[in-house]
Amino acid sequence: MPNDFAARVLHAVRRIPPGRVSSYGDIAVLAGKPRAWRAVGNIMRECRRPDVPCHRVIAAGGRLGGYGGSEGLKRSLLLAEGIEVAGTRVLHLDRVRWTPKPKRSEVSKSPTGDRKRTSGRRRSP
DNA sequence: AATCTGACTGTTG
DNA sequence: CCAACAGCCAGAT
């Protein structure tokens, strides 16, 4: 299934349980392309389906990201699910962040969750 | 088929 | 904390 990426993304978003949120990067990983967060955002924007809780998909760092330009609406939806939000940021991100791999219920400590990525600004011609 | 855009992310200033 | 730059992917024009 080559072009099932969109379908996988929608499926991943759909399996997000209530009271939890996922980041675009996580969705991309679930879809099978850990580097397609961009496409995920595009798909979300296109999606607009009631069976896909796009409002549970947030940006990295707990930022709400966007919601058709109405971040306030997204904030309300998240608050309605029991997720605390401050301004454009989600609080308790560590517990609301839903990720597959139950690995002992939830993340209690930092299970070697190191993020190594040698990249960022490559300007040097 | 080629080019642009974007509900992204991380680093640097 | 915010602005800018760079890297990556899929869909739309």
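Sequence lines set the chain letters: A, B, ... in the order given, protein chains first and strands last, and positions in each chain run from 1.
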Please list, one pair per line, the donor and acceptor atoms closer than 3.5 Å that link side chains of residues 56-73 of chain A to other protein atoms, with sequence neighbours excluded.
from: A:Arg56; atom 1: NE; to: A:Glu81; atom 2: OE1; distance (Å): 3.0
from: A:Arg56; atom 1: NE; to: A:Glu81; atom 2: OE2; distance (Å): 3.0
from: A:Arg56; atom 1: NH1; to: A:Ile16; atom 2: O; distance (Å): 2.8
from: A:Arg56; atom 1: NH2; to: A:Glu81; atom 2: OE2; distance (Å): 3.0
from: A:Arg63; atom 1: NE; to: A:Ala60; atom 2: O; distance (Å): 3.2

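Here the C1' atom of nucleotide B:dC8 and the CZ atom of A:Phe5 are 12 Å apart, to the nearest Å. For A:Lys33 and B:dT9, the NZ to P distance is 18 Å, given to the nearest whole Å. The separation between A:Ile27 atom CD1 and C:dC9 atom P is 18 Å, rounded to whole Å. With rounding to whole Å, A:Trp37 atom CH2 is found 15 Å from C:dA6 atom P.
The side chain to side chain donor-acceptor pair (under 3.5 Å) check on A:Ser22 picks up nothing, with sequence neighbours excluded. Among residues two or more places apart in sequence or in another chain, the salt bridge (charged side-chain N to carboxylate O under 4.0 Å, His left out) test is passed with A:Arg14 by A:Asp51. Residues passing the side chain to side chain donor-acceptor pair (under 3.5 Å) test with A:His11, sequence neighbours excluded: none.
Taking 4.5 Å as the limit, some side-chain heavy atom of A:Pro100 sits within range of a side-chain heavy atom of A:Arg15.
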Please list, for nucleotides 4-7 of chain B, all pairs of protein and nucleotide N/O atoms separated by less than 3.5 Å.
from: B:dG6; atom 1: N2; to: A:Asn42; atom 2: ND2; distance (Å): 3.3
from: B:dG6; atom 1: N3; to: A:Asn42; atom 2: OD1; distance (Å): 3.2
from: B:dA7; atom 1: OP1; to: A:Arg45; atom 2: NE; distance (Å): 2.5
from: B:dA7; atom 1: N6; to: A:Met44; atom 2: O; distance (Å): 3.3
from: B:dA7; atom 1: N3; to: A:Tyr24; atom 2: OH; distance (Å): 2.9
from: B:dA7; atom 1: N3; to: A:Gly66; atom 2: O; distance (Å): 3.1

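In terms of position on DNA chain C, the residue among A:Arg89 and A:Ala6 whose nearest nucleotide sits closer to the 5' end is A:Arg89.
Residue A:Val29 shares its hydrophobic cluster (ILVMFWY side chains chained together at separations under 4.5 Å) with no other residue.
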